[in-house]
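Structure first, commentary second.
Labels below follow one simple rule: chain letters A, B, ... track the order of the sequence lines, proteins then strands, and each chain is numbered from 1.
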Amino acid sequence: MDHFKSQVLLILNEIPAGECIAYGELAKLAGFPGYARQVGRLMKILPKDTKLPWHRVINSQRRISFAENTDAYLRQKAKLEQEGWTIVGNKLTVNELFNR
DNA sequence: TCTTGGGCGCCCA
DNA sequence: GTGGGCGCCCAAG
């Protein structure tokens with residue numbers, strides 16, 4: 001378990017329900033600016049039954065980084081909606097009650 | 001808005 | 001050693 005993984009997973013684990021974060025932001029918070037792609041790679045290798053909130057990680061455009069027809073996209077969308085987000089196309093809209 | 005193109009750090013064949 | 005390919009990012013048009 002290298003430093004990068006443990007830090008990223010640690011930060012990820014601290015993200016409360018109803019929040020979301022970009023790959024680049026997550027990397028930066030973990031202390032590895034510029035490691036956005038590695039974060040994506042890391043998410044990919046997580047086990048399906050992980051309790052980590054991988055679905056709260058999106059790209060900098062506030063979009064889901066999957067094509068709409070894919071399985072992964074649908075699973076992420078479902079989880080986010082479950083936490084109060086509204087998603088149109090692959091775009092997350094602002095939750096008006098919490099004002100973000 | 002959407003599309004391109006360049007850049008990025010790392011993994012794998 | 002080398003060339004592709006990623007759950008990306010950013011700046012232009």
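- Among residues two or more places apart in sequence or in another chain, the ring-ring contact (aromatic ring centres under 6.0 Å, His included) test is passed with A:Tyr35 by A:Phe4, A:Phe32.
- Residues A:Arg63 and A:Ile58 are not in side-chain contact: their nearest non-hydrogen atoms beyond the backbone lie 4.5 Å or more apart.
- Annotation: side chain of A:Leu29 is not in contact with side chain of A:Val8 (no heavy-atom distance under 4.5 Å).
- Between A:Val39 and A:Ala27, the closest heavy-atom pair is CG2-CB, 3.8 Å.
- A heavy-atom distance below 4.5 Å is not found between the side chains of A:Cys20 and A:Val57.
- Taking 4.5 Å as the limit, every side-chain heavy atom of A:Leu92 sits out of range of all side-chain heavy atoms of A:Thr86.
- Of all nucleotides in DNA chain B, those with any atom nearer than 4.0 Å to a heavy atom of chain A start and finish, going 5' to 3', at B:dC2 to B:dC11.
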Writing each nucleotide of DNA chain C 5' to 3' as (, ), [, ], | or . by Watson-Crick or G-U pairing under 3.5 Å yields .|||||.||||||
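- Using atom C1' as the reference point in both C:dC6 and B:dC8, the two lie 12 Å apart (nearest Å).
- Across every non-hydrogen atom of A:Leu46 and A:Thr50, the tightest pair is CB-CG2, 4.3 Å.
- A:Arg56 pairs by the salt bridge (charged side-chain N to carboxylate O under 4.0 Å, His left out) definition with A:Glu83, not counting sequence neighbours.
- The side-chain hydrogen bond (donor to acceptor under 3.5 Å, both in side chains) contacts involving residues 64-79 of chain A comprise A:Asn59-A:Ser65, where partners must be two or more places apart or lie in separate chains.
- Within residues 26-40 of chain A, the residues approached by DNA chain C to less than 4.0 Å at the level of any non-hydrogen atom are A:Ala36, A:Arg37, A:Gly40, in residue-number order.
- Among the atoms of the strands shown, only primed sugar atoms or phosphate atoms (P, OP1, OP2) are found under 4.0 Å from some heavy atom of A:Arg63.
- A:Leu42 places a side-chain heavy atom less than 4.5 Å from the side chain of A:Ile45.
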